Participant: 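Here you go, one structure.
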Number of protein chains: 2
Amino acid sequence: MRESDIPAIRSLELFREMADESFAELVRGAYVQNFPPNMDLILEGDQCDFLHIVIDGTVELFANWSDRETAMTILRGGATFILAAAIRDAPNLMSARTLERSRIIMLPAEDVRLVFEKDHAFARAVVMELAYCYRGVIKGVKGLKLRTSIERLANYLLKSQKKFGGASEFSLPVEKRRLASILGMTPENLSRSIKSLRPYGVEIAGQVVKITKPDDLKTLAKPTSLIDDPRS
Amino acid sequence: MRESDIPAIRSLELFREMADESFAELVRGAYVQNFPPNMDLILEGDQCDFLHIVIDGTVELFANWSDRETAMTILRGGATFILAAAIRDAPNLMSARTLERSRIIMLPAEDVRLVFEKDHAFARAVVMELAYCYRGVIKGVKGLKLRTSIERLANYLLKSQKKFGGASEFSLPVEKRRLASILGMTPENLSRSIKSLRPYGVEIAGQVVKITKPDDLKTLAKPTSLIDDPRS
DNA sequence: CGTCCTTTTGAACATTGTCAAACACTGTGG
DNA sequence: CCACAGTGTTTGACAATGTTCAAAAGGACG
């Protein structure tokens, strides 16, 4: 790995508070690598040898069963993946692939477990991160089980809008067919759901989203911090 | 709390390895309480003051949104709940109620965070437990998104059978309408799904399940350790 | 310019949910 | 012990939601 990567890594929440010595130990065995788009990184069921962290780019976590596939989540800079598997030394429950050209850190899972034992600050950061991920998945399940697909889409749009600073026009950060899978529907169904949001001031042309009646959309979406707030 | 509770608590995985001193500190502020059935324990959105652990009985975690409700999971002896919220000092994402008369430990969340800082063995146990819960939820999402309701039911039955030592006849440990909610369907739909499993050797009368053609059922259910194995 | 992939559209179909009513089970109080 | 209320379960008819398949339209890229 390059020397120049180190400051960026160190400034990630997971590593920010830990002792220099422990950080050095972690970094010693680490790889940093660039991957092209659409590259498989890990395979569901494989043993988990490395904790992965996205520095730059986009990674999709997905899962398969019986010839079906579903997108579980999409990760961008700063996100960790397969932390739980690395900690428990258990097989991965999800596969991962890059969607764009991506830069990724790989920390040997064994080093992670070792440093976890020694360094309190790191242990705390790991627990915080894991609890954060857990809560993220719980929110996802609540959305899936309590909302219709149109409601999920409406809330997704409002959340995206917030991420883009509340602008009334922004660009979808994901392909529609992946978005459909994330939201738990087929691409065809997403296409129709988008149309059915038109009376609520949603216009989507290509990747460009325009929300002209945010209050109407919110009335339909009924967002709540207990499902839709990524922090909290 | 009673002195007589202490050995049972100590033997839980979460506390087994920790120092006597730390354990004493945790137990000092703890409550142990019996609750009648159908008692609300915590409410979604509330601040999380106590880590809860089920000693005996049954607890349902559930969530609400917009006049709808869904069962998230059902917990029995030994299970912790709202660990993630306690660790992060964040609002609960789920509500909890007893289903049967239940005995429950409540540890002040602040004590948990304090002892986590001091005691390595406890910190490790917390991370392990959290990673375990995380993986459990991920498996749940995979089931929801990759399987039809009949497939979920089939796998649920096979899992239950395994829990009962593989007996061809056993008794449902949950009310059907709750099971329906756990599996992500309506009670009516569960009732019909049960019928549609009859050709696969499933007979359910009241709470009594009989599985006469396990191989046929498995062919339909296609269970996999990456979704259906509670450990791993 | 053509090829490949995504997106959209339409029509048929399958699955799941809703509503209303009947039925079964449980526990209570007469 | 029985009648009864209350709750959970099942059934039927129907509506809503979501999927599948096929085909056309639109974009990206060599």
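Chain A is the first sequence line, chain B the second, and so forth, proteins listed ahead of strands; every chain is numbered from 1. Since the model is a prediction, treat every value here as computed from it, not as a measurement.
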Participant: Classify the side chain of A:Glu188 versus the base of D:dC21 as yes if they form a donor-acceptor pair under 3.5 Å and no if they do not.
Facilitator: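 By the distance-only test, yes, there is a pair.
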
Participant: Write down the distance between CD (A:Glu175) and P (C:dC5), rounded to a whole number of angstrom.
Facilitator: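 After rounding, the reported distance stands at 12 Å.
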
Participant: To the nearest Å, how far apart are A:Leu144 CG and C:dT16 C1'?
Facilitator: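 Atom CG in A:Leu144 sits about 15 Å away from atom C1' in C:dT16.
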
Participant: Where the side chain of B:Asn189 is concerned, which of C:dT6, D:dG18, C:dG17 is the nearest nucleotide?
Facilitator: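 In terms of side-chain proximity for B:Asn189, the closest of C:dT6, D:dG18, C:dG17 is C:dG17.
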
Participant: For the pair B:Lys195 and B:Glu203, find out whether any cationic side-chain nitrogen is under 4.0 Å from an anionic carboxylate oxygen.
Facilitator: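 No, no charged N to carboxylate O under 4.0 Å.
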
Participant: Should the side chain of B:Arg178 and the base of D:dG8 be counted as holding a donor-acceptor pair, with the cut-off at 3.5 Å?
Facilitator: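 Flag unset: no donor-acceptor pair detected.
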
Participant: Please determine whether a side-chain nitrogen of the Lys or Arg among A:Glu151 and B:Arg68 lies less than 4.0 Å from a carboxylate oxygen of the Asp or Glu.
Facilitator: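 Salt bridge present between A:Glu151 and B:Arg68.
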
Participant: CG of B:Leu153 versus P of C:dT15: gap in Å, rounded?
Facilitator: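 Those two atoms, CG and P, are 15 Å apart.
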
Participant: Return the value, rounded to whole Å, for the distance between atom CZ of A:Arg192 and atom C1' of C:dA11.
Facilitator: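 Going from CZ in A:Arg192 over to C1' in C:dA11 covers 9 Å.
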
Participant: For D:dG18, take OP1 and OP2 only and decide whether either is under 4.0 Å from a side-chain N or O of A:Ser149.
Facilitator: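 Yes, A:Ser149 has a side-chain N/O under 4.0 Å of OP1/OP2 on D:dG18.
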
Participant: Any ion pair linking B:Asp5 and B:Arg103 (charged N to carboxylate O, less than 4.0 Å)?
Facilitator: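 Looking at B:Asp5 together with B:Arg103, the answer is yes, because their closest N to O distance falls below 4.0 Å.
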
Participant: Any ion pair linking A:Lys142 and B:Glu44 (charged N to carboxylate O, less than 4.0 Å)?
Facilitator: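 Between A:Lys142 and B:Glu44 there is a salt bridge, with a charged N closer than 4.0 Å to a carboxylate O.
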
Participant: To the nearest Å, give me how far apart CE (A:Met185) and C1' (D:dA16) are.
Facilitator: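 That distance rounds to 16 Å.
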
Participant: Starting at CZ of B:Arg198 and ending at P of D:dT10, how long is that distance when rounded to a whole Å?
Facilitator: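 The answer, rounded to whole Å, is 11 Å.
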
Participant: Look at the side-chain N and O atoms of A:Thr186 and state whether any lies under 4.0 Å from the OP1 or OP2 oxygen of D:dT19.
Facilitator: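 Answer is yes, contact under 4.0 Å.
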
Participant: Heavy atoms from C-beta onward define the side chain here; which of C:dT6, D:dT11, C:dT9 lies closest to that of B:Lys195?
Facilitator: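 Nearest to the side chain of B:Lys195 among the choices is D:dT11.
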
Participant: Measure CZ/A:Arg177 against C1'/C:dC4 and give the value in whole Å, please.
Facilitator: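 Atom-to-atom, A:Arg177 to C:dC4, this comes out as 12 Å.
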
Participant: Looking at the side chain of B:Lys176, which of C:dT9, D:dA13, D:dT10 is the nearest nucleotide?
Facilitator: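 For B:Lys176, the side-chain atoms sit closest to D:dT10.
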
